[in-house]
Amino acid sequence: MAQRYRKRRRRFRRSPLSDLLTILAVLILLAGLVFILYRMLSPTPGDPEADPSPSASQSQEPSPSPSPSMTVEELPWNLKLVNSDHPLSSDFTITTSTLSNGLTFDSRAYGALMDMLDACRAAGLEPLVCSAYRSVEKQTELFEQKVDSLMEQGLSYDEAYAAAATEVAIPGTSEHSLGLAADICALSYQILDESQEDTPEQQWLMEHCWEYGFILRYPPEKQSVTGIIYEPWHYRYVGVEDALKIRDSGLCLEEYLEQEYGIT
């Protein structure tokens, strides 16, 4: 009996090779589990929350595009800049349409001007266009008259010329010669001075002109930029989209064109 028991025990004894294979299998299983956990916990390549590389931050906060730059000649017709630094070319021409009082305005913006005046009248007001398109010859006549008037008040020619240029544009630099500017006053008050801003007509125009593509061209506190005194009667057509941007920005036309198009 004892011999049979010893034989049976020898039959079920594990060999060293079997133990080695078991250990190897366990190690492979553990390695697989570690690999799976590593993949689960590792950040996904390209994840902007885990990737601190410059490219990830740049994709979240792109740098602003620089303002485009162009010349005055390349500006669209409705934004054409005319001032002492950018006079009209000698061959400049436009097609005009005639207002009921005989004045004329650029045909491309004529409809917008009529719509604005009609809306103002519909509000119970009486706007009057007292000046619109002027030829360079007419502008020369007005400028010389202003110089003569100031000289009669005791100013020298140079002093009178400089003073006149702040109120009446030097010939060739007037927006009126561009055909997109209109002086609009109240029928009940036709003096072009700062008191014009107190009329109901000007109050309405200043509030609503942008809806028709117009801006108050020479606003207060912008004389150092425009070179022209505050004129609460001088409206310039630029188009509805740009008029809204100019109104919201608080800029005058020169500042707006510099910001948007690099015009100086």
Side-chain angles (χ1 to χ4, degrees), residues 75-83 94-135 138-139 142 166-169 174-223 225-226 228-257:
L75 288 170
W77 67 272
N78 56 299
L79 292 178
K80 189 171 181 62
L81 180 63
V82 175
N83 58 24
I94 57 168
T95 300
T96 61
S97 297
T98 305
L99 283 66
S100 59
N101 60 2
L103 298 177
T104 57
F105 202 73
D106 189 311
S107 296
R108 295 167 292 187
Y110 175 83
L113 177 61
M114 293 299 100
D115 289 345
M116 182 171 70
L117 294 173
D118 288 343
C120 188
R121 295 186 185 105
L125 305 172
E126 296 181 291
L128 172 68
V129 178
C130 55
S131 184
Y133 169 71
R134 297 182 202 143
S135 66
K138 180 62 176 178
Q139 187 68 26
L142 293 174
T166 67
E167 299 182 41
V168 181
S174 171
E175 281 202 330
H176 285 286
S177 298
L178 183 62
L180 294 172
D183 291 343
I184 306 175
C185 62
L187 183 63
S188 60
Y189 187 80
Q190 299 183 33
I191 302 173
L192 299 184
D193 59 16
E194 289 194 16
S195 295
Q196 190 66 225
E197 70 176 0
D198 299 323
T199 65
E201 285 78 5
Q202 295 303 340
Q203 292 296 310
W204 188 95
L205 288 168
M206 290 179 186
E207 181 178 356
H208 297 282
C209 67
W210 69 270
E211 299 172 20
Y212 304 90
F214 287 83
I215 59 171
L216 185 66
R217 178 64 176 92
Y218 303 117
E221 301 178 358
K222 294 294 183 179
Q223 182 177 345
V225 181
T226 65
I228 302 295
I229 61 170
Y230 171 42
E231 294 188 351
W233 58 84
H234 183 111
Y235 294 88
R236 156 70 192 267
Y237 181 81
V238 295
V240 174
E241 180 179 351
D242 291 291
L244 176 58
K245 290 180 180 179
I246 291 172
R247 185 202 68 165
D248 290 345
S249 68
L251 303 174
C252 64
L253 184 59
E254 282 85 356
E255 294 169 323
Y256 176 73
L257 293 179

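Considering all non-hydrogen atoms of both residues, Ser131 and Leu103 come closest at N-CD1, 3.7 Å. Taking each heavy atom of Pro232 and Asp193 in turn, the nearest pair found is CG-O, 3.8 Å. Across all non-hydrogen atoms, the minimal contact from Tyr212 to Val240 is C-CG2, 4.0 Å. Minimum interatomic distance between Cys252 and Thr226 (heavy atoms only, all atoms of both residues): SG-CG2, 4.0 Å. What you find for Val238 and Ala243 is that their closest heavy atoms are CG2-N, 3.6 Å. Closest heavy-atom contact between His234 and Ala181: NE2-CB, 3.4 Å.
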Open item on the list: side chain to side chain contact (heavy atoms under 4.5 Å, CB included) for Met116 and His208? Distances and angles first, verdict last.
Closed with: CA-CA 8 Å; Met116 182 171 70; His208 297 282; over 6 Å; no
Task: Full working for side chain to side chain contact (heavy atoms under 4.5 Å, CB included) between Gln139 and Val168 - done: CA-CA 8 Å; Gln139 187 68 26; Val168 181; 3.4 Å; yes
- [ ] For Glu231 and Gln196, run side chain to side chain contact (heavy atoms under 4.5 Å, CB included): C-alpha distance rounded to whole Å, both residues' side-chain angles, the deciding distance at 0.1 Å, then the answer.
- [x] CA-CA 9 Å; Glu231 294 188 351; Gln196 190 66 225; over 6 Å; no
- [ ] Apply salt bridge (charged side-chain N to carboxylate O under 4.0 Å, His left out) to the pair Asp183 and Arg134, showing each step before the final yes or no.
- [x] CA-CA 11 Å; Asp183 291 343; Arg134 297 182 202 143; 3.5 Å; yes
Task: Val82 vs Ser177, side chain to side chain contact (heavy atoms under 4.5 Å, CB included): CA-CA, chis, key distance, verdict - done: CA-CA 9 Å; Val82 175; Ser177 298; over 6 Å; no
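Here the OH-CD1 distance, from Tyr218 to Ile228, works out to 5.0 Å after rounding to the nearest 0.5 Å. Residue Lys245 holds its NZ atom at 4.5 Å from OH of Tyr256, rounded to the nearest 0.5 Å. The structure places OG1 of Thr95 at 7.5 Å from CZ of Arg108, a figure rounded to the nearest 0.5 Å. The distance from the CD atom of Gln190 to the CG atom of Leu128 is 5.0 Å, given to the nearest 0.5 Å. Interatomic distance, Glu241 CD to Ile246 CD1, rounded to the nearest 0.5 Å: 11.0 Å. Taking OH from Tyr230 and OG1 from Thr166, the interatomic distance works out to 16.0 Å, rounded to the nearest 0.5 Å.
Here the side chains of Tyr133 and Ser135 are in contact, with some heavy-atom distance below 4.5 Å. Put simply, the side chain of Leu178 reaches to within 4.5 Å of the side chain of Arg236, judged on heavy atoms. Between Ile184 and Leu117, the closest side-chain pair of non-hydrogen atoms falls below 4.5 Å. Side-chain contact check for Leu205 versus Trp233: every heavy-atom pair is 4.5 Å or farther apart. Side-chain contact between Tyr237 and Trp77 is present, with heavy atoms from C-beta onward closer than 4.5 Å. Side-chain contact between Leu99 and Leu113 is present, with at least one heavy-atom pair separated by less than 4.5 Å. Annotation: side chain of His176 is not in contact with side chain of Lys138 (no heavy-atom distance under 4.5 Å).
For the side chain to side chain donor-acceptor pair (under 3.5 Å) test with Tyr235, the passing option among Glu175, Gln202, Arg217 is Gln202; the others fail.
The closest donor-acceptor contact from the side chain of Ser107 to the backbone of Ser97 lies under 3.5 Å. Side chain of Tyr110 to main chain of Thr98: a donor-acceptor pair is present (N/O by atom type, distance under 3.5 Å, no hydrogens or angles). Not a single donor-acceptor pair under 3.5 Å links the side chain of Glu201 to the backbone N or O of Leu125. At least one donor-acceptor pair under 3.5 Å links the side chain of Gln203 to the backbone N or O of Glu197. For Asn101 (side chain) and Val129 (main-chain N/O), a donor-acceptor pair under 3.5 Å exists by modelled atom type.
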